[in-house]
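Okay, structure first, notes after.
Here is the naming used below: chain letters follow the sequence lines, and residue numbers restart at 1 for every chain.
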Amino acid sequence: MSSPKRKLLSGNEAVARGAYEAGVLFAAAYPGTPSTEILEALATYEEVDCQWSPNEKVAMEVAIGASMCGARSLVAMKHVGLNVASDALMTLSYTGIKGGLVVVSADDPGMHSSQNEQDNRNYAKFAKIPMLEPSDSEEARLFVRRAFEISERFDTPVLLRVTTRISHSKSVARLGVRKELNRELSFEKNVAKYVMVPANARLRHTLVEKRLESLSALSDRIPINRIEKGNPAYGGTLGIITSGVAYQYCKEVAPGASYLKLGMSYPLPVRKVHEFARMVKKLVVVEELDPFLEEQVRAMGLKVHGKPAELRCGELNPELVREILTGKKNPASGGVSGGRPPVMCPGCGHRGVFYVLSRLKVPVTGDIGCYTLGALPPLQSLDTCICMGAAIGNAAGMSRVLPPEKRKRVVAVIGDSTFLHAGMPGLMDMAYNRTPGTVIILDNSTTAMTGRQDHPGTGRTLKGTETKTIDYEKLCLALGADSVRTVDPYNLEDVEFAVRAAMEEKGLSVVISRRQCVLIGRMRHAAPLRVDADKCTRCKVCLRLGCSAILLNEDGTIEIDPLLCNGCGMCSQVCRVEAIL
Amino acid sequence: MRDPRTKVAQARPAGLQKPEKTDIFLAGIGGQGVLLASEIIGEAGLSAGYDVKKSEVHGMSQRGGSVTSCVRLGKPARVRPQASDPALWTARASARRPPERPGKVYSPLIERGSADVLISLHPEEGRRYRGFLRRGGFFLEVPPDIVKKLKNPRTFNIVAVGMLSVHLGIPEKIWMDAIAASVPAKHLEENKEAFLIGKGLQARGGGPALRKEIGGRKQ
């Protein structure tokens, strides 16, 4: 039987556990798949003060402040979130820390839920900070603890890099006890360390370079960079350098090979790599995404085999690792075809806005969230998606260069959480530069896509306490919008009227579409609707809503699934013959 | 190549009764509780002394899209001989010599053509991922009309767990404890009932629709 001290933890839960055990006092994040559950799990520990921040940059700045007073702090984000926070990170590398500071970057190779699959290991090199990469939950727990020690010993933030398959896989982890540090928290003035004006920063930069040298020496002696010697009689002459989840795939496929398993993958353990290379006949690097390790090993003058260039795209799995190691494809036939695309939930308020936009035939700049699904058939009324907050900036740019008669016809669509994250400066830009346009804020009172997290517009904190709530109407007016209209997206006529009116105005108009996410409390709006088969003319106009509760039978009749239907009533509004009741 | 659909076998396949390593692949759609089912399987496996790894994908898949989850159970015991491929350093090594930690599960993902059990909660999704099943693996499809027998249709996923339980040598008490630890107390009874319904489906031998053995893919 398993002892109570062993638990099945996801990588994210294990990161949180490790932070808790390391005596972390403060953590901040902005939700983002696959990182979200780290803070949700950490918030369950009473001893740790946790918060959602409006965006990753603020989260990091807040964590830096806590660290400056001596508190061990953690900040977590998805890979693209680190782009937002990178401004803080690059200079944090110079100032260093006081209380240990760990930055968790959860990358998403394969883009299960992201707009790109950038390899954030590059940030460790870029910011000249050490990076640890766990390969399962138990390592995640232990590595976080170790990361705090490294952070404090070397006066540096530490990057803990995980990927979707680490974050969202569960494996057996042990539960340790919390190390209470009982430090006296205070801020001590230290201008040379914390005030990064050029004169100070120049001095700090030289320290950063020296720190990197000591870290390189650490990398050579740290036990999490280990050589696992295989028996030469059983394939041990093959040497595999790997880290993270790729290690697990390799062990699965090539249990007999020799390994240089990198727990600390930046800076690289140069001596160990050379030692390992001497031990084996053939040296292979197995890593996901960029040839990050491969290039560095090559730069050491070693002959090394990497992976085919096409495998720089997408995530690895045991099958692809087998291919890298043997050059042979898995003979298992029948790959996975297609896959059911995600859809907006029945009763989702976004649907009403996108249905109206699909009829207006205007360019719609989009953003990151559930509403990005508005780009999919049948609604197909979202035309761009770049990054958090981009909808408004993109719309502004279009409006600047389009001929005057088309300017007001550019519509930006952005969610509430995304607007607060990075959309406000865009709106300010439009107001300041007198760029005409229409901005629709889809306010579902939550950060829906990542699993319904609170934000400054919801009135609740991560710890579950009540708090102030943003007033979007006042906020938009304060930022310089000429008009603000608020509509209920369940009322299609109202939405169409408001959007058309907003587009006809000269200046900068904001429309707030307000309807709570249907997944909050899993509430049903009203009794499920049904189709009156006698009245239905099978015109299929209701199918244009793209609601998964509306089913088209093989004989052409329309049916509504009473289990799925939320009773929002949009379909009965679009039905021309009043057949949906 | 032989017809991938072999006859329905009445006897349990010997390989699944006391397996050293069992790979279970679950396929369904968002909202069906695929992840909760895999959670319970993982917890039960851990309690029964297996090494467990489980993977899943959150995010987009929560919105009615395809949802899959892999649960891999490894019994720390004698290592079963693995398929040997002379071209592999690798498999050649493992065929002759036990890996350093017998029964340890490494990859959280299951390779195509190697799942011992494929649990299908949705016919279309079950078909889509059938390539993950190994030759001679078990295809367990929860009959969609079983919903009518359930007090709460949302316990459909637990029926799958009950069906699977027949094929793993894990005692019923462990399953029940795992369910109790994973579902809200007020829904516990209906979930336990769903488990027993699933178990009943399999224990009786079931019909071809309830219980199929399908030849997986050549490894």
If you compare all heavy atoms of B:Leu46 against all heavy atoms of A:Val172, which two are closest, and at what distance to 0.1 Å? CD1-CG2, 3.5 Å
Show, in sequence, the C-alpha distance, side-chain angles and deciding distance for A:Lys170 and B:Val52, and conclude whether the side chain to side chain contact (heavy atoms under 4.5 Å, CB included) test is met. CA-CA 8 Å; A:Lys170 288 200 167 183; B:Val52 180; over 6 Å; no
At a 4.5 Å cut-off on heavy atoms, which part of A:Pro34 comes close to chain B: side chain, backbone, both, or neither? neither
A:Leu9, part contacting chain B, at a heavy-atom distance under 4.5 Å: neither
Part of A:Val245 within contact of chain B (heavy atom distance under 4.5 Å): side chain
So that I can tick it off, tell me whether B:Arg72 and A:Glu252 are bridged by a salt bridge, with the cut-off set at under 4.0 angstrom between side-chain N and carboxylate O. yes
Taking side-chain contact (heavy atoms from CB on, under 4.5 Å) as the criterion, tell me which of B:Cys70, B:Ser55, B:Ser69, B:Ser107 meets it with A:Ser169. B:Ser55
Relative to chain B, which segment of A:Asp136 carries a heavy atom at a distance below 4.5 Å: side chain, backbone, both, or neither? side chain
Atom of B:Leu109, atom of A:Arg165 and distance for their closest heavy-atom approach: CD2-NH1, 3.3 Å
Could you walk me through whether A:Lys251 and B:Lys104 pass side chain to side chain contact (heavy atoms under 4.5 Å, CB included), step by step? CA-CA 10 Å; A:Lys251 286 295 271 189; B:Lys104 179 170 167 59; over 6 Å; no
Note, A:Gln248 side chain near B:Lys53 side chain (heavy atom, < 4.5 Å): yes
